[in-house]
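Note that the structure is a prediction, hence the values are computed from the model and not measured. FYI, the numbering just counts along the sequence from 1.
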Amino acid sequence: QVQLVESGGGLVQPGGSLRLSCAASGSRVSVNSMAWYRQAPGSQREFVARITGAITNYADAVKDRFTIARDNAKNTAYLQMNSLKPEDTAVYYCNVNYIIWGQGTQVTVSS
(Lines give C-alpha, C1' and ligand atoms only; values in the text may rest on other atoms or scores of the structure.)
Protein backbone atom coordinates (compact mmCIF):
# COMPACT_ATOMS: atom_id res chain seq x y z
CA GLN A 1 0.00 0.00 0.00
CA VAL A 2 1.26 3.47 -0.91
CA GLN A 3 1.01 6.40 1.46
CA LEU A 4 1.32 10.00 0.29
CA VAL A 5 2.38 12.88 2.51
CA GLU A 6 1.88 16.36 1.11
CA SER A 7 3.35 19.56 2.47
CA GLY A 8 4.13 23.12 1.52
CA GLY A 9 0.73 24.75 1.35
CA GLY A 10 -0.08 28.04 3.01
CA LEU A 11 -1.10 31.64 2.58
CA VAL A 12 0.71 33.77 0.03
CA GLN A 13 0.13 37.16 -1.54
CA PRO A 14 -0.69 37.50 -5.24
CA GLY A 15 2.48 37.29 -7.29
CA GLY A 16 4.19 35.16 -4.67
CA SER A 17 5.53 31.61 -4.80
CA LEU A 18 5.06 28.33 -3.00
CA ARG A 19 6.52 24.87 -3.42
CA LEU A 20 4.45 21.80 -2.67
CA SER A 21 5.95 18.41 -1.92
CA CYS A 22 4.46 14.94 -2.13
CA ALA A 23 6.38 12.01 -0.70
CA ALA A 24 5.25 8.50 -1.59
CA SER A 25 6.14 5.62 0.70
CA GLY A 26 5.14 2.05 1.27
CA SER A 27 6.25 -1.46 0.57
CA ARG A 28 6.79 -2.53 -3.00
CA VAL A 29 6.13 0.96 -4.27
CA SER A 30 6.29 1.30 -8.01
CA VAL A 31 5.59 4.90 -8.77
CA ASN A 32 5.30 5.62 -12.45
CA SER A 33 3.23 8.78 -12.72
CA MET A 34 2.93 11.58 -10.19
CA ALA A 35 0.54 14.46 -10.56
CA TRP A 36 -1.11 17.38 -8.85
CA TYR A 37 -4.79 18.24 -8.95
CA ARG A 38 -6.67 20.99 -7.18
CA GLN A 39 -10.17 21.66 -5.99
CA ALA A 40 -11.53 25.10 -5.22
CA PRO A 41 -14.65 25.56 -3.06
CA GLY A 42 -17.76 24.74 -5.03
CA SER A 43 -15.78 23.40 -7.97
CA GLN A 44 -14.79 20.01 -9.26
CA ARG A 45 -11.30 18.66 -8.83
CA GLU A 46 -9.16 19.64 -11.80
CA PHE A 47 -5.86 18.56 -13.26
CA VAL A 48 -2.85 20.80 -12.67
CA ALA A 49 0.31 18.96 -13.72
CA ARG A 50 1.75 15.49 -14.24
CA ILE A 51 5.19 13.97 -14.59
CA THR A 52 5.80 10.53 -16.06
CA GLY A 53 9.43 9.74 -16.57
CA ALA A 54 10.83 12.85 -18.22
CA ILE A 55 7.49 13.90 -19.70
CA THR A 56 5.54 16.71 -18.09
CA ASN A 57 2.06 18.00 -18.80
CA TYR A 58 0.33 21.10 -17.51
CA ALA A 59 -3.12 22.57 -17.48
CA ASP A 60 -3.34 25.69 -19.61
CA ALA A 61 -4.21 27.78 -16.55
CA VAL A 62 -0.84 27.10 -14.91
CA LYS A 63 1.46 26.66 -17.88
CA ASP A 64 4.53 28.90 -17.68
CA ARG A 65 3.88 29.59 -13.97
CA PHE A 66 4.04 26.14 -12.36
CA THR A 67 6.76 23.54 -12.67
CA ILE A 68 6.46 19.90 -11.67
CA ALA A 69 9.56 17.91 -10.84
CA ARG A 70 10.41 14.60 -9.25
CA ASP A 71 13.19 13.11 -7.16
CA ASN A 72 13.09 9.43 -8.08
CA ALA A 73 15.43 8.42 -5.30
CA LYS A 74 13.05 9.88 -2.74
CA ASN A 75 9.82 9.05 -4.60
CA THR A 76 8.90 12.67 -4.10
CA ALA A 77 7.19 15.07 -6.46
CA TYR A 78 7.35 18.83 -6.23
CA LEU A 79 5.18 21.57 -7.61
CA GLN A 80 6.88 24.95 -7.82
CA MET A 81 4.21 27.60 -8.12
CA ASN A 82 5.22 31.10 -9.18
CA SER A 83 3.26 34.24 -10.00
CA LEU A 84 0.37 32.96 -7.94
CA LYS A 85 -3.08 34.40 -8.51
CA PRO A 86 -6.16 34.47 -6.28
CA GLU A 87 -7.80 31.98 -8.65
CA ASP A 88 -5.08 29.48 -7.75
CA THR A 89 -6.62 29.22 -4.28
CA ALA A 90 -7.64 25.59 -3.74
CA VAL A 91 -6.83 22.39 -1.95
CA TYR A 92 -4.02 20.75 -3.88
CA TYR A 93 -3.95 16.96 -4.07
CA CYS A 94 -1.10 14.68 -5.01
CA ASN A 95 -1.92 11.72 -7.22
CA VAL A 96 0.19 8.65 -7.93
CA ASN A 97 -0.33 6.23 -10.80
CA TYR A 98 -3.71 7.81 -11.53
CA ILE A 99 -5.36 6.01 -8.61
CA ILE A 100 -3.78 6.96 -5.29
CA TRP A 101 -4.59 10.29 -3.66
CA GLY A 102 -3.03 12.31 -0.89
CA GLN A 103 -4.97 14.11 1.82
CA GLY A 104 -4.58 17.53 0.23
CA THR A 105 -2.86 20.74 1.25
CA GLN A 106 -4.49 24.15 1.27
CA VAL A 107 -3.10 26.95 -0.88
CA THR A 108 -4.59 30.40 -0.37
CA VAL A 109 -3.58 33.36 -2.51
CA SER A 110 -4.81 36.58 -1.00
CA SER A 111 -3.65 40.03 -0.04
Side-chain angles (χ1 to χ4, degrees):
Q1 186 174 358
V2 177
Q3 292 84 41
L4 302 180
V5 178
E6 298 149 328
S7 61
L11 173 64
V12 64
Q13 292 186 342
S17 299
L18 282 175
R19 189 176 83 151
L20 306 182
S21 299
C22 172
S25 63
S27 60
R28 301 183 184 274
V29 172
S30 178
V31 176
N32 296 313
S33 175
M34 300 187 79
W36 291 93
Y37 288 71
R38 67 186 182 186
Q39 187 167 16
S43 299
Q44 291 189 336
R45 192 171 298 187
E46 64 178 10
F47 169 76
V48 175
R50 178 176 303 280
I51 183 165
T52 306
I55 299 172
T56 57
N57 301 97
Y58 297 92
D60 288 343
V62 307
K63 202 172 296 183
D64 299 327
R65 298 188 298 122
F66 291 10
T67 302
I68 189 170
R70 179 176 168 181
D71 184 332
N72 291 325
K74 297 180 180 180
N75 262 344
T76 299
Y78 305 95
L79 185 68
Q80 178 66 43
M81 305 184 293
N82 298 328
S83 301
L84 283 161
K85 305 175 181 180
E87 52 262 44
D88 295 317
T89 295
V91 177
Y92 283 69
Y93 296 91
C94 180
N95 174 274
V96 166
N97 294 347
Y98 295 89
I99 59 173
I100 302 167
W101 293 94
Q103 80 284 357
T105 184
Q106 176 71 46
V107 171
T108 302
V109 185
S110 175
S111 55

field: Between Q106 and T108: side-chain donor-acceptor atoms closer than 3.5 Å
entry: yes

- prompt: Side chains of R50 and T56: is there a donor and an acceptor less than 3.5 Å apart?
  reply: no

message: For the OG atom of S17 and the CG atom of L84, what is their distance to the nearest 0.5 Å?
response: 6.0 Å

query: L20 versus T105: any side-chain heavy-atom pair under 4.5 Å?
result: yes

message: Is any side-chain heavy atom of P86 closer than 4.5 Å to one of P14?
response: yes

field: Polar side chain donor-acceptor pair, Y92 to R38, under 3.5 angstrom
entry: yes

task: Looking only at non-hydrogen atoms, find the nearest pair between V2 and A24 and report the distance.
output: CG1-CB, 4.1 Å

query: Considering residues, nucleotides and ligands other than E87, do more than 12 of their heavy atoms fall under 6.0 Å from its CD?
result: yes

Nearest heavy-atom neighbours spanning M34 and I68: O-CD1, 3.8 Å

query: Yes or no on side chain to side chain contact (heavy atoms under 4.5 Å, CB included) for V96 and L4, after CA distance, side-chain angles and deciding distance?
result: CA-CA 8 Å; V96 166; L4 302 180; 3.5 Å; yes

- prompt: Any side-chain heavy atom of N32 within less than 4.5 Å of one from Y98?
  reply: no

message: With heavy-atom distances below 4.5 Å as the criterion, would you say the side chains of V62 and M81 are in contact?
response: no

- prompt: Residues two or more places apart in sequence or in another chain: which of them pass ring-ring contact (aromatic ring centres under 6.0 Å, His included) with Y37?
  reply: F47, W101

- prompt: Roughly how far, to the nearest 0.5 Å, is the SG atom of C22 from the OH atom of Y78?
  reply: 10.0 Å

task: Inspect the contact between K63 and D60 and indicate whether a charged nitrogen and a carboxylate oxygen are less than 4.0 angstrom apart.
output: yes

- prompt: Got a second to check how far L18's CG is from L11's CG, nearest 0.5 Å?
  reply: 8.5 Å

- prompt: Above 12 or not: heavy atoms from other molecules or residues under 6.0 Å from CG of D64?
  reply: no

message: Has N97 got a side-chain atom pairing as donor or acceptor with I99's backbone, closer than 3.5 angstrom?
response: no

query: Quick one: CD on Q13 to OG on S111, what's the gap to the nearest 0.5 Å?
result: 7.0 Å

query: Can you check whether R19 reaches L79 side chain to side chain, under 4.5 Å on heavy atoms?
result: no

field: Side-chain touch Y93/V48, heavy atoms, less than 4.5 angstrom
entry: no

message: Quick one, E6 and W36 - any side-chain contact, counting heavy atoms below 4.5 Å?
response: yes

query: Any side-chain heavy atom of V31 sitting closer than 4.5 Å to one from R70?
result: yes

